[in-house]
Each structure stands twice: as structure tokens, then as C-alpha cells.
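All residue numbers refer to positions in the sequence shown, counting from 1. Everything numeric in this text was worked out from a predicted model, so none of it was measured.
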Amino acid sequence: MSPTAQFVVFLVSTVVALVVVVVTGMRGARKAHVVAVAATVVCLALAIRAALGVGEHYDLEAAGIVTPIHLWIAKVTTAAYLLPVVTGVLTWRNDRWRNLHGKLAFVVLALTVVTTATGSLMLLWAEPITP
């Protein structure tokens with residue numbers, strides 16, 4: 001499978017897993033929610049690895065300012081995934097963390113959308129490297 005196809009599969013898998021995370025979280029299905037979070041983290045890691053492979057086939061500098069913006073947002077988003085994980089563990093132990101956990105989870109979802117948008121722009125504006 002090509003690096004681009006791998007990336008698309010893992011990106012879509014990440015999005016599907018995130019939808020399951022939201023649904024199970026909103027319904028209070030804690031065990032299913034934790035499994036979905038774990039699946040999301042695995043899919044995200046695979047998507048990031050595949051994205052690095054795709055990046056090798058493009059002159060990302062040709063995309064201009066969007067490349068450093070995307071890379072910065074992607075790093076912030078990846079680190080931000082820890083916030084709902086930590087507050088999720090705290091919520092499991094003490095329900096008073098639930099509101100903060102939900103808010104942080106939606107912030108991470110929003111960051112994920114922004115990261116996906118800037119990554120898409122970066123690839124659209126980059127020049128393919130011809131072998």
C-alpha cells in the first residue's frame with residue numbers, strides 16, 4: 001500500500017475512533033470509552049507515522065508558511081491529547097473532573113480539525129517530488 005493510501009486509512013480510522021470516543025463519552029459508557037480512546041491513540045500514532053512517509057514525497061517547503069504552521073499545530077495537538085487522558089483518569093476516580101475533561105476533549109477535537117485542515121493545505125500547496 002502506498003504511503004498516501006496508508007495515511008488516508010489511518011486518518012479515517014482516527015476520525016472514526018474519535019467519533020466513538022465522543023459517543024461513548026457522552027453516554028457515560030466508561031469501559032467502551034477507554035477502549036475507544038486507546039484505539040484513537042494507536043490510530044493517531046499510525047497516521048502520524050504514515051504522514052511522515054507521505055511528506056518524503058513532497059517538497060513541503062514549497063507550501064510556504066503553512067508548513068511551519070501545520071507542524072507547530074500538529075505538535076501542540078499531539079501533546080494536547082494528554083490533557084483529556086489525564087483528566088479522564090482523574091474523572092474515573094472523582095466525578096468532579098468531568099466538566100473539565102469534556103471541555104478539554106472538545107478542545108483537542110477542535111485542534112485535530114485545525115491540524116487536519118492545515119495538513120491538507122500543506123499537501124495541496126506542496127510540490128510532489130518526482131523520482
Side-chain angles (χ1 to χ4, degrees):
M1 188 178 329
S2 74
T4 303
Q6 286 179 9
F7 173 66
V8 170
V9 166
F10 293 131
L11 180 62
V12 169
S13 299
T14 302
V15 171
V16 169
L18 279 170
V19 168
V20 175
V21 167
V22 171
V23 170
T24 56
M26 298 295 281
R27 291 185 177 169
R30 288 185 174 188
K31 290 181 182 179
H33 184 67
V34 169
V35 170
V37 167
T40 299
V41 170
V42 169
C43 290
L44 178 63
L46 293 170
I48 291 169
R49 184 171 144 234
L52 294 172
V54 170
E56 293 175 4
H57 298 281
Y58 287 87
D59 175 10
L60 298 177
E61 297 301 318
I65 190 68
V66 74
T67 298
I69 290 171
H70 169 71
L71 294 175
W72 182 81
I73 293 171
K75 290 172 187 172
V76 168
T77 302
T78 302
Y81 268 78
L82 291 173
L83 298 172
V85 170
V86 169
T87 57
V89 171
L90 292 171
T91 300
W92 192 287
R93 295 171 184 233
N94 186 336
D95 205 45
R96 73 180 176 97
W97 292 96
R98 181 180 298 271
N99 284 339
L100 179 60
H101 173 66
K103 288 175 184 172
L104 290 173
F106 280 104
V107 166
V108 169
L109 283 173
L111 285 170
T112 301
V113 169
V114 172
T115 302
T116 303
T118 59
S120 298
L121 280 176
M122 181 180 70
L123 287 178
L124 285 172
W125 295 351
E127 297 290 329
I129 298 172
T130 53

Can you see which heavy atom on [X] is nearest to which on [Y], and at what distance?
X	Y	answer
Val108	Thr77	O-CG2, 4.5 Å
Thr118	Val66	O-CG2, 3.7 Å
Ala36	Val20	CB-CG1, 3.6 Å
Glu56	Ile129	O-CD1, 3.7 Å
Pro84	Ala80	CD-O, 3.1 Å
Thr91	Arg30	O-NH2, 3.7 Å

Legend entry - Intermediate values then yes/no, side-chain contact (heavy atoms from CB on, under 4.5 Å), Leu52 and Arg49: CA-CA 5 Å; Leu52 294 172; Arg49 184 171 144 234; 5.6 Å; no
Transitively linked via ILVMFWY side-chain contacts under 4.5 Å: [X] with [Y]?
X	Y	result
Ile69	Val114	yes
Val12	Met1	no
Val41	Leu46	no
Leu124	Val54	yes
Phe106	Leu104	no

Inset, instruction - Measure from the side-chain N and O atoms of His33 to the backbone N and O of Thr24, and report whether any donor-acceptor pair falls under 3.5 Å. - result: no
Legend entry - Close side-chain approach of Tyr81 and Leu111, heavy atoms under 4.5 Å: no
First locate atom [atom1] of [X], then atom [atom2] of [Y], and finally report the distance between them rounded to the nearest 0.5 Å.
X	Y	atom1	atom2	value
Ser13	Gln6	OG	CD	11.5 Å
Leu123	His57	CG	NE2	11.5 Å
Leu11	Thr4	CG	OG1	12.0 Å
Phe10	Ile48	CZ	CD1	12.5 Å
Leu82	Thr87	CG	OG1	10.5 Å
Thr112	Leu44	OG1	CG	7.0 Å

Legend entry - Steps toward side-chain contact (heavy atoms from CB on, under 4.5 Å) verdict (Trp125, Thr67): CA-CA 9 Å; Trp125 295 351; Thr67 298; over 6 Å; no
Inset, instruction - Determine whether more than 12 heavy atoms belonging to other residues, nucleotides or ligands lie under 6.0 Å from atom CH2 of Trp72. - result: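 Check fails, neighbour count at 12 or below.
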Inset, instruction - Could you walk me through whether Leu60 and Met122 pass side-chain contact (heavy atoms from CB on, under 4.5 Å), step by step? - result: CA-CA 7 Å; Leu60 298 177; Met122 181 180 70; 4.1 Å; yes
Inset, instruction - Could you walk me through whether Val113 and Leu109 pass the side-chain contact (heavy atoms from CB on, under 4.5 Å) test, one step at a time? - result: CA-CA 6 Å; Val113 169; Leu109 283 173; 5.8 Å; no
